[in-house]
Amino acid sequence: MKILVAEDEPIMLKTIELRLKKDGYTVIGTSDGREAMEKIDAEQPDLIITDIMMPYASGLEIVGMVKQQQKKDIRIIILSAMGQETTVLEAFDLGADDFIAKPFSPNELSMRVKRLLSK
Amino acid sequence: MPINDLLDTLNWKSELLSTIIWCLLAGIGFVVSYLLIYQTSRKREVARKDEINRKFQLLVEKALFFEPEEGETGNEIIIPPKFEKFMRKEVYRDFLLQQIVDTRKYISGIAADHLEELYLQLNLHNYSLKKMNSRKWYIKAQGIQELALMNQTQFAEAIQPYTNHKNSYVRLEAQAAMVRLFQFKGLDFLGATSYTMSDWEQMKVMEQLPKKPPQETAAIKEWLQSTNQSVVLFAMRLIYNYRLYQLHDELAACLSHPVQFIREKGAKFLGNIYNETTSALIIRRFNLESKRYQLEALNTLCLIGDEKNIPFLYQKLSDTDYDIKLAAAKAILESIEDGRALIAQHPAAGTYPLNSILAEFKAEQAA
């Protein structure tokens, strides 16, 4: 199973990649929104984990693009900082499947990914 | 003989020249050798630092994803013996501490607990404590931040005095630290702080508070009586943010506070915890107050949306100030179902700004 992680904070990106690799997934990491969109087209991941605020293209744009292109099989988890409630709601409106608040628990992330991919 | 003299001179000059050339060559050789040795030594140092960095990263990862062996219940992470050697050098200690602290900022749950355990096992808490006792304010502030991030509640007594430190950065770090460690109980420093808390500082402290409202509100009532106006404002913000309806009367009392901006904020914040008496309390002071108060009051009346306020609001449509007229019109539209018809009856309905607001309302309805 392929997972794309889009997160511009290097420590978070690394931690998420490590956790998911430990769980046996193939992980594609990127730290900007534009590159994330290109990699989604090229790699066709099964699940995307994306931060909301990122350079060049936001997490909301990524969600919008994926759902607009009717890539219904791609699940999306949003990473959000505290105080971004309205943006998270907007992401759900656009079609995101789940969200995780920062600071995040790697174990919780692992469970949510497992749950989404088993659906 | 002149030729012999000439030959002697030439010999002497050529010897001098060759000596100079040899010296230059020796000098160049020395510099080149020094540069080569320096470069090699730098490369080795960089490679060594990279190697140590990799080892540190592996240790942090080990802590993040630590699982005790079967049958074991402890949280102790096995640290390779060579790390003791690293910990003796300040530069490596700083580096590892930074990695642990930076990772901790983004992590919660069991992984965070393990990072805190690693921090303790490496005795880095003593190092942070030493930083906190530094004479340099920026190191002091950093030490306090590290202790708070790594959840070291046992050092709260040591941090507490810094909540009233003369340096604003140290003070803010200590205040945020106490709140991070103890949530609402950590706000006790508000009873003793003699410095003004800026809006920024209040925001940073507020960020550390949990989303769930406080159980006890007795302290908030005390802070509303503080002689430190910024503490009064902070207490008002707590009531507003957490919608503490039980403190409505205490917040309403702020409408009579001697300081103008407190009264203005009171008019605004009451909008979040209003009851049947709120609008009358706000309106009572309206004509005595600043324009800012009046606008805040009208915005609050917009939120309250009570028919009882209509006579007052209708009267404000005749105010000479455009902003007041506009705010009163908006409040009427929010307060009654047919607010538009009421505004349209006003003698000034055909003039700006009332005609503009009526047109906008009509367009919204059409959409």
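Below, chains carry the letters A, B, ... as their sequence lines are ordered, and counting in each starts from 1. This one's a predicted model, so the numbers in the text were calculated from it and none came from an experiment. Values below: all heavy atoms of this structure, side chains included; hydrogens, waters and symmetry mates excluded.
The side chain to side chain donor-acceptor pair (under 3.5 Å) test applied to A:Asp97 returns no partner, not counting sequence neighbours. A search for side chain to side chain donor-acceptor pair (under 3.5 Å) contacts involving B:Gln98 returns B:Asp102, not counting sequence neighbours.
Within a 6.0 Å radius of NZ in B:Lys105, more than 12 heavy atoms belonging to other residues, nucleotides or ligands are found. Counting non-hydrogen atoms of neighbouring residues, nucleotides and ligands closer than 6.0 angstrom, the CG atom of A:Leu116 exceeds 12 such neighbours. Within 6.0 Å of atom CE in A:Met53, 12 or fewer heavy atoms from other residues, nucleotides or ligands are found, so the atom counts as exposed in its surroundings. Within 6.0 Å of atom CE in A:Met111, 12 or fewer heavy atoms from other residues, nucleotides or ligands are found, so the atom counts as exposed in its surroundings.
Residue pairs that meet the salt bridge (Lys or Arg N to Asp or Glu O under 4.0 Å) test with at least one member in residues 172-186 of chain B, sequence neighbours left out, are B:Lys185-B:Asp188.
Side-chain contact between B:Ile107 and A:Pro106: present, with at least one pair of heavy atoms (C-beta onward) separated by less than 4.5 Å.
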Task: From CA spacing to verdict: side chain to side chain contact (heavy atoms under 4.5 Å, CB included), B:Phe65, A:Leu18 - done: CA-CA 9 Å; B:Phe65 306 116; A:Leu18 282 169; 3.5 Å; yes

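Inspection of non-hydrogen atoms places A:Glu9, A:Ile11 of residues 1-11 of chain A under 4.5 Å from chain B.
For a residue to count as touching a neighbouring chain, one of its non-hydrogen atoms must lie under 4.5 Å from one of that chain's; by this rule B:Gln57 touches chain A with the side chain only.
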